[in-house]
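Heads up: the structure comes next, in structure tokens.
What you are looking at is a predicted structure, and each value in this text was computed from that prediction instead of being measured. In listed order, ligands and their atoms are each counted from 1. These numbers come from the heavy atoms of this one structure, side chains and all, not from hydrogens, waters or symmetry mates.
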Amino acid sequence: MSSIYPIGVFDSGVGGLSVLRDIRKELSNEDLLYVADSSHAPYGDKESEYIEARSIAISQFLVDQPVKAIVVACNTATGAAVAKLRTRFSVPIIAMEPAVKPAVEKTKTGVVGVLATRRTVSSENFINLLTRFGANADIVVQPCPGLVEQVEAGDLLGEKTRTLLEPFVLPLLERGVDTIVLGCTHYPFLAPLIRAMVGIDVDIIDPGEAIARELRRRLENIGRLSRRDRLGTEQFWTSGSPKSAKKLISQLWETEVEVMRLPE
Ligand code: DGL
């Protein structure tokens, strides 16, 4: 495994671009390969076995490229598949999980809200997180069906998204939450809308930066950080239509990009 290989990043769709953005800031000279499993999104209301099979197939594709590390930029895939991925693949696998620990450390009211998909909140990983850190705070868990679809449709600020989001977010304020964890990588794209609803006194925690730092540490530890003196590149793949993915990814990445079709 060479330090010049790219880093592979995947998600059910475009949510992981919020993590890719943080990785790009942290590791400017690394080449990044992003896979959006768009024809299978959303993962959040699918069975674990299905998500596990998709995560294995995509990781296999990434390992075949080859990549030097894989970032599972999807809380739902972490919950359903990370243990299996780690037994199957020998490259370092960096995975997302809702940032309950930092939120519990931060809260002053002692009440923390977590927004995530239905599959994440019912996963064993998440239940373990609550058991480990929930004793020190009241944690209000809010599944948000439908939100991922809004981001996949590129509707980040529209009326439909706002109407969907309000009943997830406003009750958290009534419960006294002062810290909200974005437990799905699609949700950072909705942060401006969430911020407008909760005001400036509520902390919104997006774990993307922490994941990017963790990735740097892991590569550093195995001596695989790129030493090249040039800006890294990004390559985008989708299991859905490259044409619609190109439009959406260019919108979220804020640059015109090319998107390739993932082999079947
Ligand atoms: N972005 C994902 C996550 O972090 C997956 C959402 C979905 O496909 O339901 O959970």
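Taking CD1 of Ile180 as the reference point, atom CG of Leu172 lies at 5.0 Å (rounded to 0.5 Å).
Polar contact with ligand 1: present for Asn75 (N/O pair, distance under 3.5 Å).
Salt bridge status for Asp31 with Arg230: present, with a side-chain N to carboxylate O gap under 4.0 Å.
Of the residues Ile204, Val114, Asn75, the one that meets the side chain to side chain contact (heavy atoms under 4.5 Å, CB included) test with Leu182 is Ile204. The only member of Leu147, Val151, Leu193 that meets side chain to side chain contact (heavy atoms under 4.5 Å, CB included) when paired with Tyr187 is Leu147.
Looking at Thr76 against ligand 1, both its backbone and its side chain come within 4.0 Å, counting heavy atoms. Of the heavy atoms in Asp11, only side-chain atoms (C-beta onward) come closer than 4.0 Å to ligand 1. Only the side chain of Ser12 comes within 4.0 Å of ligand 1, judged by heavy-atom distances. With a heavy-atom cut-off of 4.0 Å, Thr185 touches ligand 1 through backbone and side chain alike.
When only non-hydrogen protein atoms are considered, atom 6 (C) of ligand 1 lies nearest to Val148 CG2, 3.5 Å. Of all protein heavy atoms, the one lying nearest to atom 7 (C) of ligand 1 is Tyr43 N, 3.3 Å.
Listed by number with element, the atoms of ligand 1 under 4.0 Å from a non-hydrogen atom of Cys184 are 1 (N), 2 (C), 3 (C), 4 (O), 6 (C), 10 (O). Remark: ligand 1 atoms within the under-4.0 Å shell around heavy atoms of Gly44 are 7 (C), 8 (O), 9 (O).
For the pair Ala95 and Thr78, the tightest heavy-atom approach, listed with the atom from each and the gap, is CB-OG1, 3.5 Å. The shortest non-hydrogen separation linking Arg195 to Ile200 is NH1-CA, 3.9 Å.
Ring geometry, Phe61 versus Trp237: the interplanar angle exceeds 60°, so the pair is classed perpendicular (tilted spans 30 to 60°).
Counting heavy atoms only, His186 comes closest to atom 1 (N) of ligand 1 of the residues His186, His40, Glu97, Met96.
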